[in-house]
Amino acid sequence: MKFVTAEMSSEIFVGLVNEAETQFLPLNKASERKSGSKDFPETMLECIALGDTFIQKVNNLLDWADSNGDVFLPIKSVKLLAPIPRPSKNIFCVGKNYADHAIEMGSKDDIPEHIMVFTKAPTTVIGHKETVLSHHDLTEELDYEGELAVIIGKEGKGIKREEALDYIFGYTIINDITARDIQARHKQFFIGKSLDTTCPMGPWILHSSAVENPNRLNIQTTINGEIRQSSNTENFIFPIEEIISVLSEGMTLEPGDIIATGTPAGVGKGFKPPRFLKKGDVIDITVEKIGILSNKIQD
């Protein structure tokens, strides 16, 4: 199941994309037609918080919708927003989680022994095919980072590593766009990672039931069709189970929390000379099973 937040005629709603990615089912519109009432919350965060109840209700609706095909809409008729357009807290981001990326940003000495975590502000989030501001008045070193992101599905603290995957609602794609010069100037990550529009996310959330092993997914980033990043999440230094377990040791994780799991080698700063993003550049990030997140830098 691929869950989206979509907009049509100024109305925003949660929906489900079909396997072919050509149609989508607006959950409340379909449930209202089926039973006369809107049986789903209005936002993705509220739906996720329902846990298994939400998935059961979706499955029941799908059984009915399969024999009432006209309740599906062409996906081209809606605008896909970020699956969680406004996260309830900062996005958790894991730094240098691929050894080759740590090396390209410095040397083997930069490969971390412990998980590095920083955050991006909720105001950074935009959706699939939305425009990324160039921020040309603030930075000359805008860079891309293609990443698999985890969406937490239920509350947990002190989560055991062997139980961590049970806490995941689903997976999406994030582009952790970074102003490298601002990052270097302030000697920390937050400001250089939190410019408006620098967290494209989407195009949807793939439910966890569709991913047997999130630590074994191909990931690729292209700029204007040129492959810059190509790896597999099996190259994580810290697998997803460990990330969730460590984050939850003294901090409660909540439904809808977003964790970006790190980026592989091939970022713009890693080239000699660096190849930072320019106005008009199109960034496509593909993660196996999920799909493609595409965004363009403001002209």
Side-chain angles (χ1 to χ4, degrees), residues 1-6 12-19 21 23-68 71-72 81-89 91-92 148-173 201-215 217 239-245 247-248 251-261 287 289-291:
M1 288 185 279
K2 296 174 179 175
F3 295 102
V4 297
T5 298
I12 296 174
F13 42 82
V14 176
L16 186 70
V17 176
N18 69 342
E19 188 173 350
E21 301 173 6
Q23 294 182 309
F24 106 113
L25 180 71
L27 297 181
N28 267 333
K29 287 182 181 296
S31 68
E32 191 170 24
R33 180 168 163 186
K34 175 177 180 284
S35 62
S37 63
K38 295 181 178 180
D39 297 329
F40 295 89
E42 297 293 333
T43 70
M44 186 72 75
L45 281 174
E46 293 172 302
C47 288
I48 293 171
L50 282 178
D52 291 341
T53 300
F54 172 58
I55 300 302
Q56 291 168 4
K57 292 172 73 169
V58 170
N59 282 327
N60 290 338
L61 184 63
L62 278 174
D63 288 342
W64 171 84
D66 284 341
S67 56
N68 294 269
V71 297
F72 287 86
L81 306 179
I84 301 176
R86 183 59 184 260
S88 59
K89 62 178 71 167
I91 297 98
F92 298 105
L148 170 69
V150 172
I151 312 296
I152 295 297
K154 60 182 180 180
E155 184 176 299
K157 184 177 179 181
I159 299 169
K160 296 178 181 179
R161 180 169 171 160
E162 59 270 22
E163 298 174 355
L165 296 185
D166 296 335
Y167 285 79
I168 297 174
F169 174 78
Y171 304 91
T172 190
I173 305 170
M201 180 193 307
W204 38 64
I205 297 172
L206 176 66
H207 190 254
S208 59
S209 60
V211 181
E212 182 177 353
N213 183 1
N215 299 302
L217 297 174
I240 288 171
E241 296 91 332
E242 185 172 355
I243 294 169
I244 291 173
S245 181
L247 279 176
S248 72
M251 174 171 51
T252 301
L253 296 180
E254 299 175 308
D257 282 353
I258 304 164
I259 305 171
T261 57
V287 176
K289 294 183 180 292
I290 300 175

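Along the sequence shown, residues carry numbers from 1.
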Using modelled atom types and a 3.5 Å cut-off, is there a donor and acceptor pairing between side-chain atoms of [X] and backbone atoms of [Y]?
X	Y	answer
S31	D39	yes
W204	I290	yes
D257	E254	yes
N28	E42	no
T43	E46	yes
N18	F24	no
S248	K157	no

pair [X]-[Y]: side-chain heavy atoms closer than 4.5 Å:
X	Y	value
M1	I55	yes
F13	F40	no
P239	I243	no
V4	P83	no
T172	L206	no

Working to the nearest 0.5 angstrom, can you tell me the gap between [X] [atom1] and [Y] [atom2]?
X	Y	atom1	atom2	value
M44	T5	CE	OG1	3.5 Å
I159	E163	CD1	CD	9.0 Å
L81	R86	CG	CZ	14.0 Å
D52	K57	CG	NZ	13.0 Å
F92	I152	CZ	CD1	8.5 Å
K29	K38	NZ	NZ	7.0 Å

So for atom [atom1], which belongs to [X], do other residues, nucleotides or ligands contribute more than 12 heavy atoms lying within a distance under 6.0 Å?
X	atom1	answer
N59	CG	yes
E162	CD	yes
K89	NZ	yes

Distance-only side-chain donor-acceptor flag, E242 / S245, under 3.5 Å: no
Nearest heavy-atom neighbours spanning [X] and [Y]:
X	Y	result
K34	N60	CE-O, 4.3 Å
D166	K154	O-CE, 3.4 Å
T261	L148	OG1-O, 2.6 Å
L165	P214	CD2-CG, 4.0 Å
L45	S88	CD1-N, 4.1 Å
L25	A30	CD1-CB, 3.7 Å

cation_pi(K289, Y171) dist<6.0 Å, angle<=45: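 The answer is no; the distance or angle limit is not met.
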Run the side-chain contact (heavy atoms from CB on, under 4.5 Å) test on I168 and I240 for me, step by step, so that the C-alpha distance in whole Å, both residues' side-chain angles and the decisive distance to 0.1 Å come before the verdict. CA-CA 10 Å; I168 297 174; I240 288 171; 3.8 Å; yes
Using the six-membered ring wherever Trp is involved, compare the ring planes of H207 and F3 and label them parallel, tilted or perpendicular (cut-offs 30° and 60°). perpendicular
Take N215 and E241 through the side-chain contact (heavy atoms from CB on, under 4.5 Å) test and state the conclusion after the steps. CA-CA 9 Å; N215 299 302; E241 296 91 332; 2.8 Å; yes
Decide yes or no on side-chain contact (heavy atoms from CB on, under 4.5 Å) for I205 and I48, but give the supporting numbers first. CA-CA 11 Å; I205 297 172; I48 293 171; 4.3 Å; yes
Decide yes or no on side-chain contact (heavy atoms from CB on, under 4.5 Å) for I258 and V150, but give the supporting numbers first. CA-CA 6 Å; I258 304 164; V150 172; over 6 Å; no
